[in-house]
Amino acid sequence: MFQRSSFFTKQLFTVLVVNFFSLCLVAGLLYSNFVEDYKSNLVDVLDNQSTLLASATSTSVLFADTDTTQELLDAASKLPAIKSAKIYDANEDVIASYTMDEIVEHKPPSLLLEGATFGDHIIHYLKPIEFSSDVIGYLILSASTSSLEAKQEHAMYVVVGVLLASMLLTYLFHWRLQRLLTKPIQQLISLVKAVGTDREYSVRLPDQRTDELGELFNGVNDILATVEHHQTQLKTQNTELERLVELRTRQLYQRANYDALTQLPNRHLFVEKLDKAVLNANKNNSALSILFLDLDRFKLINDTLGHDIGDEVLVIVAEKLTSIITKQDCVCRWGGDEFVVMLEGIDDRDELASIASRIIDSLSQPMAVSVNQLHISTSIGIALHQQNLETGIEILKHADTSMYHAKEKGPGHYSFFNIAMLEESLVRLSLESRIRQAIKLEHSFSLVYQPQICIHSQKLIGLESLIRWNDNGNEIPPSQFIPVAEEAGLINPITSWVIASVCEQIRNWLDDGLTLVPVAVNLPASFLIQIDCAEQIDDILKKHHVPPHLLEIELTENSFISSTDFALTSLKKLKKIGLKISIDDFGTGYSCLSYIGTLPIDKLKIDGSFVSQLGCSGSNDGIVNTIIMLAKSLGLTTLGECVETGAQQSILKDMGCDAIQGYLHYKPLQSGSIATLLQ
């Protein structure tokens with residue numbers, strides 16, 4: 001019933017309900033305040049009377065003068081508000097009392113609290129009688145609350161009457177107000193129906209009213225005028241919208257096809273351009289060449305100076321490339337620090353070599369980036385399109401392959417693609433596949449151990465484990481398969497196998513009762529920077545029950561130069577486990593004394609390339625002597641690698657080197673020969 005009522009009926013009912021509860025709340029508060037005020041006044045009267053009476057009777061109570069006490073009580077209790085009064089001594093015995101006939105309720109002091117206590121139609125007021133701060137008796141005054149109850153009843157009638165009158169007035173006033181509002185609202189409803197059904201926006205409400213409804217009517221009329229005006233502007237707006245869509249389309253195309261940093265075409269757009277260029281070259285029998293560039297040691301700039309500096313370098317490189325290449329050719333940022341240049345109409349090797357040399361020379365010039373003076377170089381691979389034989393992707397692969405061959409020559413070189421490179425790449429792929437298979441079989445790999453000798457006592461002080469691979473009867477040297485494994489991301493499982501095999505061999509030697517020396521294991525950078533590197537090695541040690549001091553970790557300088565924070569974290573964990581740590585091939589990497597001084601290492605191994613030239617070059621001998629002096633200043637042990645002659649050993653000994661390893665004493669030995677040596 002209520003749901004089907006009109007809006008105005010619902011509004012009237014809602015107003016009445018809200019007013020009713022509001023008035024009830026106000027009436028309740030007023031009634032409560034009135035009652036509390038009356039109670040408070042009654043209590044104040046009793047408090048004043050009891051204070052005066054207690055003060056007047058304190059002396060007579062002290063001296064137990066009952067007659068005087070009774071006289072004082074009779075005199076004071078004639079007040080109409082007091083219906084009963086009693087005075088007790090300290091033992092709660094009645095000394096004097098006054099009681100009207102209608103008061104029959106009496107309570108001793110022990111059953112009352114000090115002050116007012118309300119009972120049925122009566123209020124008791126207990127006041128201690130004191131003398132010199134000692135309680136010598138009690139006074140109890142009692143009064144009837146009938147007057148309070150009468151006042152409460154009267155107030156209730158008044159509140160209910162006011163509430164009913166207010167509700168009636170509210171109903172009459174709101175009913176009349178609704179009658180005044182109904183007509184203009186009906187006009188508004190009729191207008192809304194007309195606009196909603198007929199879409200007639202020219203209809204208007206009368207605007208003679210000056211009240212709020214007049215403002216509403218004017219607002220509705222303004223809305224209708226605005227809508228009508230918007231209808232006339234739709235065509236203009238559609239034209240503007242089409243223009244914006246076109247602009248956003250161009251922006252999206254820019255983002256999808258151009259590098260945000262350098263503004264060069266990105267890989268996606270370049271492949272499209274390359275495919276079109278290949279089709280054009282095949283159709284017109286024209287020339288097409290690709291230069292694939294990679295910045296040498298760019299990762300070092302990012303890691304040491306930050307990516308912001310690296311980004312600025314890339315922008316400068318892009319500007320230099322576009323200044324060298326003509327407008328009809330295309331320069332692309334392939335990704336990271338790799339760029340690709342497409343040259344149409346050029347296939348002369350001398351001209352391509354000249355362009356590559358100009359690029360190398362330009363990029364080798366010092367770059368002022370922020371406060372840094374940077375020197376970079378690039379390696380360039382060059383591939384020429386063979387008519388109707390290659391796709392764009394194939395040319396890119398050839399240029400990429402030749403770029404890696406240019407890198408092998410050292411920074412700042414270029415290399416032309418030839419079929420032998422492709423064959424070599426296929427050989428590398430085949431080698432990678434065989435490495436994967438060997439990892440699954442495991443027994444294809446084996447270990448040998450090269451002894452490390454104290455240069456003074458000539459005693460055995462350590463062993464270095466070296467991996468060997470027998471591929472179906474063919475011995476593949478580590479220098480051949482280790483780089484391929486690192487590039488293919490296979491070096492970590494091989495390293496795990498080496499560590500486990502070394503620990504297993506150490507356990508076997510210990511079980512045979514041999515006295516062991518530490519065994520060194522080479523750890524690649526990719527394994528070292530793993531978050532759980534130390535945990536993996538610790539688990540292997542615990543599995544084979546190998547004391548940590550019998551395992552030594554060897555790593556190259558580049559292992560911590562490329563990822564200092566991760567490497568340093570792993571090294572600290574390994575030292576905490578109890579392992580010895582040495583830097584292998586020291587002097588051949590990007591040696592940084594600030595890093596060496598902070599690394600938790602124990603030994604520097606002097607690279608064999610320096611040892612082999614001892615006595616042949618003063619500068620070489622100076623480098624070796626400096627390395628040994630550096631190690632001693634840092635409290636590190638030194639070991640010379642690849643010692644093959646007594647003269648080399650003698651020079652190292654004179655310089656203060658601690659240990660050596662090499663063919664002068666022992667070649668790498670099988671585990672059985674090592675057991676004999678240990679015995």
Side-chain angles (χ1 to χ4, degrees), residues 294 379 381 397 400-410 415 419-450 463-505 519-530 533 536-537 540 551-559 562-563 582-585 588-589 605 607-609 641-642 661-663 666-671 674:
D294 181 85
S379 299
K397 288 180 180 178
D400 186 30
T401 300
S402 58
M403 183 270 294
Y404 279 103
H405 280 266
K407 274 189 173 296
E408 293 176 358
K409 300 177 183 178
S415 178
I419 197 63
M421 294 180 183
L422 189 59
E423 293 174 354
E424 184 177 335
S425 297
L426 294 175
V427 170
R428 288 177 66 88
L429 287 175
S430 174
L431 183 60
E432 178 185 331
S433 176
R434 300 203 309 275
I435 292 173
R436 294 182 186 275
Q437 188 66 23
I439 292 174
K440 294 179 181 179
L441 298 176
E442 290 190 352
H443 59 76
S444 297
F445 295 115
S446 61
L447 294 175
V448 293
Y449 303 87
Q450 186 166 34
L463 299 168
E464 180 181 3
S465 61
L466 302 170
I467 190 171
R468 296 293 183 262
W469 178 26
N470 187 296
D471 181 30
N472 295 324
N474 297 320
E475 289 292 337
I476 310 296
S479 60
Q480 184 175 341
F481 73 84
I482 290 296
V484 176
E486 289 180 337
E487 183 181 337
L490 302 174
I491 195 64
N492 285 353
I494 293 177
T495 302
S496 297
W497 177 87
V498 170
I499 296 172
S501 299
V502 168
C503 289
E504 182 180 2
Q505 183 61 66
V519 181
V521 174
N522 289 283
L523 210 63
S526 58
F527 193 92
L528 180 66
I529 63 176
Q530 294 180 106
C533 166
Q536 290 186 53
I537 296 176
I540 296 173
L551 186 66
E552 182 177 312
I553 297 300
E554 290 189 3
L555 54 141
T556 62
E557 296 168 78
N558 295 341
S559 299
S562 58
S563 300
S582 61
I583 303 297
D584 195 14
D585 301 333
T588 60
K605 298 184 69 176
D607 187 67
S609 61
E641 296 183 293
C642 303
Q661 72 179 66
Y663 285 10
Y666 296 100
K667 294 182 179 181
L669 303 175
Q670 300 291 334
S671 58
I674 294 295

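Everything numeric in this text was worked out from a predicted model, so none of it was measured. When reading the values below, keep in mind they use all heavy atoms of this one structure, side chains included, and skip hydrogens, waters and symmetry mates.
- By the 30° and 60° cut-offs, the orientation of the rings of W497 relative to F445 is tilted.
- Partners of D400 by salt bridge (Lys or Arg N to Asp or Glu O under 4.0 Å), not counting sequence neighbours: none found.
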inquiry  = Please determine whether side-chain contact (heavy atoms from CB on, under 4.5 Å) holds for the pair I467 and N522, giving the CA-CA distance in whole Å, both sets of side-chain angles, and the decisive distance to 0.1 Å.
reply    = CA-CA 10 Å; I467 190 171; N522 289 283; over 6 Å; no
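- By the salt bridge (Lys or Arg N to Asp or Glu O under 4.0 Å) test, K407 is found to be paired with D294, D296, residues two or more places apart in sequence or in another chain being considered.
- In terms of heavy-atom proximity, G662 sits nearest to Q450 at CA-NE2, 3.5 Å.
- In this view, N470 and E475 satisfy the side-chain contact (heavy atoms from CB on, under 4.5 Å) rule, not counting sequence neighbours.
- For S402, there are no side chain to side chain donor-acceptor pair (under 3.5 Å) partners two or more places apart in sequence or in a different chain.
- A distance of 4.5 Å separates CZ in R436 from CG in L490, rounded to the nearest 0.5 Å.
- To the nearest 0.5 angstrom, E552 atom CD is 12.0 Å from L523 atom CG.
- Applying the ring-ring contact (aromatic ring centres under 6.0 Å, His included) criterion to Y449, with sequence neighbours excluded, gives W509.
- Here the straight-line distance linking atom CD of E432 with atom CZ of R434 works out to 11.5 Å at 0.5 Å rounding.
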request  = Apply side-chain contact (heavy atoms from CB on, under 4.5 Å) to L466 and L447, showing your working.
outcome  = CA-CA 6 Å; L466 302 170; L447 294 175; over 6 Å; no
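- Using a 4.5 Å heavy-atom threshold, the side chains of I537 and L551 count as touching.
- Partners of S433 under the side chain to side chain donor-acceptor pair (under 3.5 Å) rule, at least two apart in sequence or in another chain, do not exist in this structure.
- Residues in residues 489-498 take part in no salt bridge (charged side-chain N to carboxylate O under 4.0 Å, His left out) pair, two or more places apart or across chains.
- Remark: S415 engages no residue in a side chain to side chain donor-acceptor pair (under 3.5 Å) (not counting sequence neighbours).
- Every residue two or more places apart in sequence or in another chain that forms a side-chain contact (heavy atoms from CB on, under 4.5 Å) with S496 is listed here: F527, Q536.
- Under the rule for a side-chain contact (heavy atoms from CB on, under 4.5 Å), C642 has no partner lying at least two apart in sequence or in another chain.
- Considering only heavy atoms from C-beta on, V448 stays 4.5 Å or farther from K667 through its side chain.
- E641 places no side-chain N or O within 3.5 Å of a backbone atom of Q661 that could act as its donor or acceptor partner.
- Atom CD1 of I476 and atom CD1 of I435 lie 9.0 Å apart (nearest 0.5 Å).
- To the nearest 0.5 Å, the span separating OG on S446 from CD on Q670 amounts to 6.5 Å.
- Here the closest non-hydrogen pair linking A500 and I540 is CA-CG2, 3.7 Å.
- In this structure, the separation between CD on E464 and CG on D584 is 6.0 Å, given to the nearest 0.5 Å.
- Contact detail for A520 and E554: the closest heavy-atom pair is CB-OE2, 3.3 Å.
- R468 pairs by the salt bridge (Lys or Arg N to Asp or Glu O under 4.0 Å) definition with nothing, not counting sequence neighbours.
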